[in-house]
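Reading through the structure tokens given below for one structure.
Quick note on labels: first sequence line is chain A, next is B, and so on, each numbered from 1.
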There are 2 protein chains.
Amino acid sequence: MRIMDTAERLIESTRELLWERGYVGTSPKAILERAGAGQGSMYHHFKGKPDLALAAVRRTVAEMRAEVDALLSAPGTARRRIAAYLGRERDALRGCPVGRLTMDPDIVASDELRAPVDELFDWLRHRLAEVVREGRARGELPATADPEQLAAAVAATVQGGYVLARAAGSAEPFDRAVEGILALLAAAGAA
Amino acid sequence: MRIMDTAERLIESTRELLWERGYVGTSPKAILERAGAGQGSMYHHFKGKPDLALAAVRRTVAEMRAEVDALLSAPGTARRRIAAYLGRERDALRGCPVGRLTMDPDIVASDELRAPVDELFDWLRHRLAEVVREGRARGELPATADPEQLAAAVAATVQGGYVLARAAGSAEPFDRAVEGILALLAAAGAA
DNA sequence: GTCTATATCTCGATAGAC
DNA sequence: GTCTATCGAGATATAGAC
């Protein structure tokens, strides 16, 4: 483990807790305990819980975007790159660290905290739509396919897959949903 | 508005708050204020917050299941009934009152509270799979389509559509995702 | 910069009057 | 059955020593 200064440890602890318990379910006290810091440190480096959460969310969003962009920009057919994105998940039961935040009332109520989440999913949908357009141009996907619609369906399948998996207490429904959308894309491509 | 006794008002207030703020974000105090009741009433009728939440969740799940079953059991082609389910939503920004609970750490951590959520989505996936099987038998969907996979993809599209909509602060991504999966089902059917 | 002490609320629950 | 009073604990933030 790299050596981290206090501000860094606070941000990392907050990222973990936001993922595990959400914004409403995460207390400054829990963050401090996990980071091994005292009250004073947190309020020295950050204005308060919302400010620290904002730093944590921004970092999680940046990391996610870089990872997904790498998959969608890799060489290969459009369908293969979409499949790579869909197959990215390793532990569906943990859910998406960004999508999770949309169910947090205090995140959605705050324009500042919602902004990075909004931007990520906006970027994701447009990036996926580009890939769909490339697939159409190469004849992998039918020219009638609306790129924005397919992109939204693919992104929704992943986010909804987490919901189904967490409800079931098993990753299986996530995997099924991913296989289902891939089968539909393949069938549509063959049409 | 029908006249409701105190226990009834407590359950209904809890249902609303669980939908709006989730389990972690809902306090007994908020429930009591909305229900217009005092502390004593709640602890007379229910053992505590988890017990009241369980009653609320069970009712929400039962209501949802009855509504969706009506749509999926109506006359019409398989694709038309799936479209009716996908088009059921009126206000995507509110999210799903059941799916929302899967992002609540205290719900997922409790076997008792998660059980009704699990059962609903389990039922939904199998009911959708039945409809897919009927569609296959009638030649509306290709015989190669795996019913369980398509069912999971359809259910995930709805749940993920809520995530995208709430991130965007707009119902549009939800609608796009629904149109996308419907277009794919239509294209696969034509294949 | 980091710590401990403190302040003020709220949480979730209990006690006991009526 | 419903109310108010009260409880111990935790949430979020501030104060001030070091």
Rounded distance (Å) that lies between atom C1' of C/dT2 and atom CZ of A/Phe46
14 Å

From CG of A/Leu52 across to P of D/dT12 the rounded distance in Å is 12 Å

Specify the separation, in whole Å, of atom NE2 of B/His45 and atom P of C/dT14.
16 Å

For B/Trp19, does the six-membered ring have the charged nitrogen or CZ of B/Arg100 within the cation-pi criterion, i.e. under 6.0 angstrom from the centroid and within 45° of the normal?
no

For atom CZ of B/Arg58, is the number of surrounding heavy atoms from other residues, nucleotides or ligands below 6.0 Å larger than 12?
no

Let me check something: any side-chain donor-acceptor pairs from residues 44-56 of chain B under 3.5 Å, sequence neighbours excluded? List them with distances.
| from | atom 1 | to | atom 2 | distance (Å) |
| --- | --- | --- | --- | --- |
| B/Lys49 | NZ | B/Tyr23 | O | 3.0 |
| B/Lys49 | NZ | B/Thr26 | O | 2.7 |
| B/Asp51 | OD2 | B/Lys47 | N | 2.9 |

Atom CE of B/Met42 and atom P of D/dC3: how far apart are they, to the nearest Å?
13 Å

Taken to the nearest whole Å, NZ/B/Lys49 to P/C/dA13 is 8 Å

Assess the residue pair A/Val108 and A/Asp104 against the criterion (side-chain contact (heavy atoms from CB on, under 4.5 Å)); give the C-alpha distance rounded to whole Å, side-chain angles, the decisive distance to 0.1 Å, and a yes or no.
CA-CA 6 Å; A/Val108 172; A/Asp104 234 303; 5.9 Å; no

Nucleotide nearest A/Ser41 when distance is taken to its side chain, options D/dT2, C/dC3, D/dT14:
C/dC3

Nucleotide C/dA17, atom P - distance to NE2 of B/His44 in whole Å
18 Å

Ordered by number, residues from residues 15-38 of chain B within less than 4.0 Å of DNA chain D (heavy atoms) are B/Ala37, B/Gly38

I want to check one thing: is the phosphate of D/dT2, taken as OP1 and OP2, less than 4.0 Å away from some side-chain N or O of B/Thr6?
yes

Do A/Leu18 and A/Arg21 have side-chain heavy atoms sitting under 4.5 Å apart?
no

Could you check whether A/Gln159 and B/Tyr162, counting side-chain N and O atoms only, form a donor-acceptor pair closer than 3.5 Å?
no

Below the 4.0 Å mark, does C/dT14 have OP1 or OP2 next to a side-chain nitrogen or oxygen of B/Tyr43?
no

With the side chain defined as heavy atoms from C-beta on, A/Pro50 is closest, among D/dT2, D/dA13, C/dT2, to D/dA13

Where do A/Glu119 and A/Val61 land on the side-chain contact (heavy atoms from CB on, under 4.5 Å) test, with the steps shown first?
CA-CA 9 Å; A/Glu119 282 157 24; A/Val61 160; 5.9 Å; no

Starting from C1' on C/dA7, measure out to CD on A/Gln39 and report it in whole angstrom.
12 Å

